[in-house]
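Sharing a structure, written as structure tokens. Questions coming.
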Amino acid sequence: MTTAPARVRVAPSPTGDPHVGTAYMALFNKALADTTGGQFILRIEDTDRSRYVADSEAQIFDALAWLSLTPDEGPHKGGSCGPYRQSERLPLYKEAANRLISEGKAYKCYCTSDRLETLRKIQQAEKAKLLGYDGLCRGLSAEEVAKNDAEAKPCVVRFKMPREGEIDVRDLFRGRLTFIAAEQQDTVLLKSDGFPTYHLAMAVDDHAMGITHVIRAEEWIPSTPLHFELYRAFGWDAPVFAHMPLLRNKDKSKISKRKNPTSLLWYRDAGFLPEALRNFLGLMGFSLPNDQEIFSYEEFLKHFDLAKVNIGGPIFDLQKLHWLNGEYIRRLPAAELEKRLVEYAKRMMHRQREFADLPEDQLPTETFLRDFEVKRRVRSRVLGGLAPELMTSYEVNPQLLAPIISLIQERMHTLGEAADYLPMFFTRDFKYTPEDFIQKKGTLEDARNALAAAREMLATSDFEHPEWLQSMDEQAREKAEAMGLKLGPFLGPVRIAVTGSKVSPPLMESIRVLGKNEALRRIDAASAAI
RNA sequence: GGCCCCUUCAUCUAAUGGUUAGGAUACUGCCCUUUCAAGGCAGCGAUACGGGUUCGAAUCCCGUAGGGGUCACCA
């Protein structure tokens, strides 16, 4: 579609955790840059001092890097169009605003926020159709302006929107959109603290940075006429605007942190793989030929075409992401999964401090899912207290994880879910009651017998024998049959004794990982306890 | 409320005027099985509604309904 190199950008505000919507926009912007041989720019829109969060910028950058959506230019990377932080470009905005004032295209407004608030209340009370600034200062004479300035009255700069006719804007997906000029208002361009608003900063920077395509969220459509008029006032060519659909909560409202995890840190902490999340975001409003749902970024690029974006707002379905992440985990080479798990555990050790001393069931991931009733099967966890234990053991014995990985790989959907399977390999004492050992239609006596039989079978076996697994299987069947049991009920008590749970990776493989001594010790402990 | 955008299974989507409207997630059942998974097979399930245009409409047009966004010295 577009063959000329596109210069595109993502322009987040450093006001909190890095947002999943930022990653979504970054993906589509970067894809356009990469398919056209252009550049993808990160610009930090830190023009709101009251909402500024110091860590935020670094986290945004880290999160994008985590997702391999690293910008070609940006505050951390440099580039020919810097600085890339708006707070460092203030003179540019001031100059632009002054230019508009001197050309009669903008004006100083001395209205106090009190007046504005009162105005708003009146408009609401009157159920006025048009809400917003009434243009009082638009008609101020030069003398009045001079007088106000002489008195050093604080002021903002407002744009003179045309008052007659229609304003046509173009959207790549929607074509021509027409707005009535009279329904527009004179928006603030420069705040009284000398910082620009989004509108001014965006126009000035996109022009200065040579942005060719503005791919942004749909929520910006209502201010697009302003943006077109601004470009016109400056005498600049407007870039192509493409308004992407908004990611949605389950109730179809714009995705929000009260109703959905929106922080990229959350996804990382829950153990989602960046390539899976990126793939999932690529599925939002876009699809590849032949029903292909799992794809690398390179494959995504091969088929990427802005014209094929679906503009109905997609609901962010955590359940499907969970499935997709499981697919990615299963496709990882075992050694790679091990590496990811170790990295994840290390990270969790640090994050744990930030999670304070919350009990495990109240860690952010768990709490969130419970509160918002995501299906119980989506149990994104964090390793929590297990991480230090895991890392200590791993440092002593780097061979530790490999055999375990092969047992849990096809069971995990997130790295965090390793927490469901790993404790049995590190914990020496389980909390169980005799009742836990009683199988359906069975007795405690059956359980004791099963433990004794299994103990004997294991004690006399050679764990190193290549056909150990097969041998154990055969013997277990024989012993079960001798006791008049099926294999399941026979192994049930053994599973509890050895793993501490009714649910575990395959029993014999798990026992082999534990080793003969530890397995026998656990069986003895259980026998003594019941 | 004004303005604007959107509308195919519960969810993500395919079908660029001719298909029994396809796939995936979720759900259900069966198979496999040593619990849990994973895997295999099958089932459930949609063109919001009403009018046109057309031999023929999910697809084009109009209307209605529904949903969403926006109306800050936030972005």
Side-chain angles (χ1 to χ4, degrees), chain A residues 11-13 15 45-48 50-51 109 111-113 116-117 120 123-124 127-133 154-158 171 173-174 177-180 183-185 187-193 195-199 201-202 216-225 243 245-246 248 250-254 280 283-294 308 310-324 326 330 375 377-378 408-413 420-421 473 476-477 480 486-492 494-496 499 501-509:
Chain A
S13 285
T15 54
E45 309 230 330
D46 55 346
T47 56
D48 184 347
S50 65
R51 294 204 306 157
C109 167
C111 294
T112 62
S113 30
L116 263 20
E117 202 175 315
R120 206 171 299 129
Q123 288 170 340
Q124 278 163 1
K127 300 202 166 151
K129 303 226 161 164
L130 261 48
L131 305 172
Y133 185 60
C155 71
V156 302
V157 175
R158 287 184 186 272
D171 174 275
F173 305 129
R174 287 159 263 253
L177 304 177
T178 302
F179 296 82
I180 309 292
E183 291 169 355
Q184 303 295 314
Q185 49 182 300
T187 310
V188 172
L189 298 180
L190 205 62
K191 300 182 250 185
S192 57
D193 64 2
F195 280 67
T197 60
Y198 169 82
H199 311 287
M202 178 225 73
R216 53 156 38 165
E218 189 181 357
E219 59 188 326
W220 292 106
I221 289 179
S223 51
T224 307
H243 291 97
L246 243 18
R248 314 287 189 102
K250 267 191 154 49
D251 65 4
K252 295 187 197 277
S253 57
K254 173 165 86 168
F280 183 70
L283 247 17
M284 303 281 91
F286 197 76
S287 62
L288 266 54
N290 304 318
D291 298 317
Q292 183 179 1
E293 291 198 287
I294 301 180
K308 287 186 187 154
N310 188 330
I311 57 179
I315 289 169
F316 193 94
D317 183 358
L318 219 40
Q319 196 96 30
K320 186 155 182 173
L321 172 60
H322 187 253
W323 162 79
L324 188 64
R330 265 168 260 131
K375 288 270 165 46
R377 287 181 58 200
V378 179
I408 67 177
Q409 182 162 19
E410 69 183 25
R411 293 173 166 69
M412 311 164 53
H413 294 85
D420 291 342
Y421 302 108
D473 184 65
R477 282 173 200 283
K486 291 199 170 177
L487 193 54
F490 172 74
L491 291 177
V494 186
R495 187 183 305 280
I496 297 269
T499 72
S501 169
K502 289 173 185 168
V503 176
S504 81
L507 185 55
M508 289 305 163
E509 278 108 314

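A note on names: the letters A, B, ... follow the listed sequences, proteins ahead of strands, and every chain is numbered from 1.
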Open item on the list: So for A/Arg174 and B/rC5, does any side-chain atom that can act as donor or acceptor lie under 3.5 Å from a complementary atom in the base?
Closed with: no
TODO: Side chain of A/Asp291 only, please: which of B/rA37, B/rC3, B/rG22 is the nearest?
DONE: B/rG22
Open item on the list: Can you work out whether A/Ser287 or A/Ser223 has the more 5'-proximal nearest nucleotide on RNA chain B?
Closed with: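 Result: A/Ser287.
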Open item on the list: Looking at A/His413, I'd like to know whether one of its side-chain N or O atoms comes within less than 4.0 Å of OP1 or OP2 on B/rA38.
Closed with: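 Yes, A/His413 has a side-chain N/O under 4.0 Å of OP1/OP2 on B/rA38.
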Open item on the list: For B/rC74 and A/Lys191 - does any side-chain N or O of the residue sit under 4.0 Å from the phosphate oxygens OP1/OP2?
Closed with: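 So the side-chain polar atoms of A/Lys191 do come within 4.0 Å of the phosphate oxygens OP1 or OP2 of B/rC74, strictly under.
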Open item on the list: Under the side chain to side chain donor-acceptor pair (under 3.5 Å) test against A/His243, which residue among A/Glu218, A/Glu219, A/Arg216 passes?
Closed with: A/Arg216
Open item on the list: So, under a plain 3.5 Å distance rule, would you say the side chain of A/Ser504 forms a donor-acceptor pair with the base of B/rC36?
Closed with: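 By the distance-only test, no, there is no pair.
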Task: Selection from B/rU25, B/rA37, B/rC5 that lies nearest to any side-chain heavy atom of A/Gln319 - done: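 Output: B/rU25.
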TODO: Return the value, rounded to whole Å, for the distance between atom CD of A/Glu219 and atom C1' of B/rC6.
DONE: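 Rounded to whole Å, this separation is 15 Å.
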TODO: Determine the Euclidean distance between corresponding P atoms of B/rU70 and B/rG29; express it in Å to zero decimal places.
DONE: 42 Å
Open item on the list: If I compare all heavy atoms of A/Ile221 with all of A/Pro225, which pair ends up nearest, and what's the gap?
Closed with: O-CD, 3.5 Å
Task: Most 5' of A/Gly312 and A/Arg477 on RNA chain B, judged by nearest nucleotide - done: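 In this pair, the answer is A/Gly312.
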Task: Minimum side-chain heavy-atom gap A/Leu491-A/Met508 below 4.5 Å - done: yes
Open item on the list: Just N and O in the side chain of A/Asn310: are any of them under 4.0 Å from OP1 or OP2 of B/rA14?
Closed with: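 For B/rA14, OP1/OP2 do have a side-chain N/O of A/Asn310 under 4.0 Å.
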Open item on the list: As a test of reading the structure: which of B/rU35, B/rA24, B/rC4 is closest to the side chain of A/Ile221, going by heavy atoms?
Closed with: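 Of all the options, the side chain of A/Ile221 is nearest to B/rC4.
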Open item on the list: Measuring only the P atom in each nucleotide, how far is B/rU59 from B/rU47? A whole number of Å is fine.
Closed with: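 After rounding to an integer number of Å, I get 12 Å for this pair.
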Open item on the list: If you compare every side-chain N and O of A/Ser113 against the phosphate oxygens of B/rA72 (OP1, OP2), does one of them come in below 4.0 Å?
Closed with: no
TODO: Respond yes when some side-chain nitrogen or oxygen of A/Arg248 is under 4.0 Å from OP1 or OP2 of B/rC6, and no when none is.
DONE: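 No, because none of the side-chain N or O atoms of A/Arg248 sits under 4.0 Å from OP1 or OP2 of B/rC6.
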TODO: Ignoring the backbone of A/Arg330, work out which of B/rA38, B/rA75, B/rU34 is nearest its side chain.
DONE: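 Closest nucleotide among those given: B/rA38.
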- [ ] Could you state the atom-to-atom distance from CG of A/Leu487 to P of B/rU34 in whole Å?
- [x] 6 Å
Open item on the list: Would you measure the distance from the P atom in B/rG63 across to the matching atom in B/rU7 and give it in whole Å?
Closed with: 16 Å
Open item on the list: Closer than 3.5 angstrom, by distance alone: can the side chain of A/Lys191 be matched with the main-chain N or O of A/Thr47 as a donor-acceptor pair?
Closed with: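 Flag set: sc A/Lys191 to bb A/Thr47 pair under 3.5 Å.
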TODO: Using a heavy-atom cut-off of under 4.0 Å over every strand shown, decide if A/Leu324 touches base, sugar-phosphate, or nothing.
DONE: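 No contact.
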TODO: Establish, with yes or no, whether the OP1 or OP2 oxygen of B/rA10 is under 4.0 angstrom from a side-chain nitrogen or oxygen of A/Lys252.
DONE: no
TODO: Could you check how far CZ of A/Arg158 sits from P of B/rC71, rounded to whole Å?
DONE: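 One finds 14 Å between P of B/rC71 and CZ of A/Arg158, rounded.
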Open item on the list: With hydrogens left out and only the distance checked, is there a donor-acceptor pair under 3.5 Å joining A/Lys320's side chain and the base of B/rA24?
Closed with: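 Per atom types, the contact qualifies.
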TODO: Kindly point out which of B/rC73, B/rC3, B/rA75 is positioned nearest to the side chain of A/Glu183?
DONE: B/rC3
TODO: Indicate the ring-plane relationship of A/Trp220 and A/Tyr198, choosing parallel, tilted or perpendicular according to the 30° and 60° boundaries.
DONE: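 A/Trp220 vs A/Tyr198 ring planes: parallel.
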- [ ] Between B/rU34, B/rC3, B/rA24, spot the one nearest the side chain of A/Trp323, thanks.
- [x]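 Taking heavy atoms from C-beta onward, the closest nucleotide is B/rA24.
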- [ ] Among the candidates B/rA72, B/rU25, B/rG69, find the nucleotide nearest to the side-chain atoms of A/Ser253.
- [x]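 Minimum distance to the A/Ser253 side chain belongs to B/rG69.
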- [ ] Take atom P in B/rC55 and the same atom in B/rA65, then report the distance between them in whole Å.
- [x] 32 Å
Task: Pairwise C1' distance for B/rA21 and B/rC36, with rounding to whole Å - done: 37 Å
- [ ] Over 60° means perpendicular and under 30° means parallel, so classify the ring planes of A/His322 and A/His413, tilted if in between.
- [x] parallel
